[in-house]
2 protein chains.
Amino acid sequence: MAPTSEILTAERILEATEEVLRRHGPAKATVVDVARALGVSHGSVYRHFRTKAALREAVTKRWLDRTSLTLAGIAAGDRDPEARLREWLSALFEAKRHKAGDDPELFATYSVLAEENGTAVGEHIADLAAQLTRIIAAGTGSGAFSVPDPAAAARAVFHATGRFHDPCYAREWTAPGIQEEFTAVVDLLVRGLRP
Amino acid sequence: MAPTSEILTAERILEATEEVLRRHGPAKATVVDVARALGVSHGSVYRHFRTKAALREAVTKRWLDRTSLTLAGIAAGDRDPEARLREWLSALFEAKRHKAGDDPELFATYSVLAEENGTAVGEHIADLAAQLTRIIAAGTGSGAFSVPDPAAAARAVFHATGRFHDPCYAREWTAPGIQEEFTAVVDLLVRGLRP
DNA sequence: GGAATGACAGATATTGAAATCTGTCAGCTG
DNA sequence: CAGCTGACAGATTTCAATATCTGTCATTCC
């Protein structure tokens, strides 16, 4: 089960940590568990990550980066900016909603990790805001949108749609009518961006 | 300290409960504490409130109603709808921000109460949304706004400004630049409401 | 010699017994 | 007799002893 033959890398530790977090949850996942899963002593884990907090932060970053990547594909698309904006926001909502709905425990686990890694989350949000900025800037270029500051508008759009991507609202994502709420907010924002 | 002379009313119990919650916090405030503060036995409290949960819900409702009342004054004002909308949203944000900033512990206490009383919060939100609906409907009447469904638009505006009134964002209300973020979101929404 | 180990000290979490609390109700009291 | 009390059973919380974990480092092992 635990291949001691392979070299111990940061990558393998991160994978084992994700598995331990999935199995035990954020409160009970220990460094000793991770070491056990890898068939090494916990001292070896500390050779690659200075503290438990650093290990958890690295796992959090990996998780956040995976979402960023999917959305980056949409942001870089060639559809007209308004459609791209709607698609991007829908994709973000869909992704979050499915993660929360398919495996609530795992989602709760990563929500806890996100809570304790404000910095990593901040960078992730900055990354997403940058993607939004590119879409909105493309819109101002093509005349589809008209805003004084695309970056500020992007942050505003991101904040205004928080209800549909912030984990603290996860429990409401299964409520009936949530899709209509989402559409209503996006429609209002898109109208606000147009000339 | 505890005037046993007066008649024990639901009102007096609610006041004592607020005081106990303020002193001990939501986790340690017990029905026995409330009874002690009133100089009566805890059995008497149960004569007015069937359960501890019912008592806490009543306190929550009172607290929420106090906010609703202040805002109702603005919603019923006679300024032009756009100014009234901006004023109403600013007042909501200001009220929350001050409550959270002036006495963080009390705010945290009431946030916990709100968490456990989803129904009361739901009614409060419906109430606020109704106030917003009145403002927006006035705007569609005067031609300041143009929306197909004022009630839906009101909900959308309320949800889109969640970052500036939902307790789960309280920690960000002291961040520098929050006022600019607020203005950016409100500007975007107001533009979206205009014809 | 570079990577891994495991014993260790201090910090944190778990556990189960004791204390407190919730909700009820028969009876007291004014 | 309407309102209040206080004893009670079962649920929940507290607390201190016990166990586990984190992070270090001298030592071991290829």
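Residues satisfying the side chain to side chain contact (heavy atoms under 4.5 Å, CB included) test with Glu180(B), not counting sequence neighbours, are none. Under the ring-ring contact (aromatic ring centres under 6.0 Å, His included) criterion, His165(B) pairs with Phe158(B), sequence neighbours left out. Taking the side chain to side chain contact (heavy atoms under 4.5 Å, CB included) definition, one finds that Val31(A) meets it with His42(A), Val45(A), Tyr46(A), Lys52(A), sequence neighbours left out. The ring-ring contact (aromatic ring centres under 6.0 Å, His included) test applied to Tyr169(A) returns no partner, not counting sequence neighbours. Every side chain to side chain contact (heavy atoms under 4.5 Å, CB included) that Ala152(A) has, sequence neighbours left out, goes to Asp149(A), Arg155(A). Judged as a ring-ring contact (aromatic ring centres under 6.0 Å, His included), and not counting sequence neighbours, Phe145(A) has no contacts.
Interatomic distance, Glu115(A) CD to Thr60(A) OG1, rounded to the nearest 0.5 Å: 11.5 Å. Atom CG in Leu55(B) sits 6.5 Å away from atom CG in Leu14(B) (nearest 0.5 Å). With rounding to the nearest 0.5 Å, the separation of CG in Leu21(B) from CD in Glu18(B) is 8.0 Å.
Between the Arg79(A) side chain and the Arg84(A) main chain, no donor and acceptor come within less than 3.5 Å of each other. With hydrogens and angles ignored, the 3.5 Å screen pairs a side-chain donor or acceptor of Asn117(B) with a backbone N or O of Leu113(B).
Axis orientation changes by 10° from one end of the helix from dG1(C)-dC30(D) to dG30(C)-dC1(D) to the other, with each end axis drawn from 5 pairs and the value rounded to 10°.
Counting to the nearest Å, the C1' atom of dC21(C) and the CZ atom of Phe49(B) are 19 Å from each other. Atom CZ of Arg50(B) and atom C1' of dT24(C) are 14 Å apart (whole Å). With rounding to whole Å, His24(B) atom NE2 is found 13 Å from dC21(C) atom C1'. The distance from atom OH of Tyr46(A) to atom P of dG23(D) is 4 Å, rounded to the nearest whole Å.
Between Trp173(A) and Phe93(A), the two ring planes are perpendicular [angle over 60°; tilted spans 30° to 60°].
Judged by distance alone, the side chains of Thr30(B) and Asp33(B) do bring a donor and an acceptor atom under 3.5 Å apart.
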Considering only nitrogen or oxygen atoms on both sides, find all protein atoms under 3.5 Å from nucleotides 9-11 of chain D and state each distance.
none

Contact list (N/O, under 3.5 angstrom) for nucleotides 27-30 of chain D vs protein:
none

What's touching nucleotides 12-21 of chain D from the protein side, N or O pairs under 3.5 Å?
none

For nucleotides 1-5 of chain D, tabulate all protein N/O to nucleotide N/O atom pairs closer than 3.5 Å, reporting atom names and distance.
residue, atom, partner, partner atom, Å
dC4(D), N4, Arg47(B), NH2, 3.3
dT5(D), OP2, Ser41(B), N, 2.9
dT5(D), OP2, Ser41(B), OG, 3.3
dT5(D), OP2, Ser44(B), OG, 2.6

Going by atom type alone, with no hydrogens or angles, which donor-acceptor pairs under 3.5 Å involve a side-chain atom of residues 188-195 of chain B and a protein atom two or more places apart or on another chain?
residue, atom, partner, partner atom, Å
Arg191(B), NE, Gly192(A), O, 3.0
Arg191(B), NH1, Ser146(A), O, 3.2
Arg191(B), NH2, Arg194(A), O, 2.5
Arg194(B), NH1, Glu82(B), OE1, 2.9
Arg194(B), NH1, Glu82(B), OE2, 3.1

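Note on Arg12(B) versus Glu15(B): no salt bridge recorded, every NZ/NE/NH1/NH2 to OD/OE distance being 4.0 Å or above.
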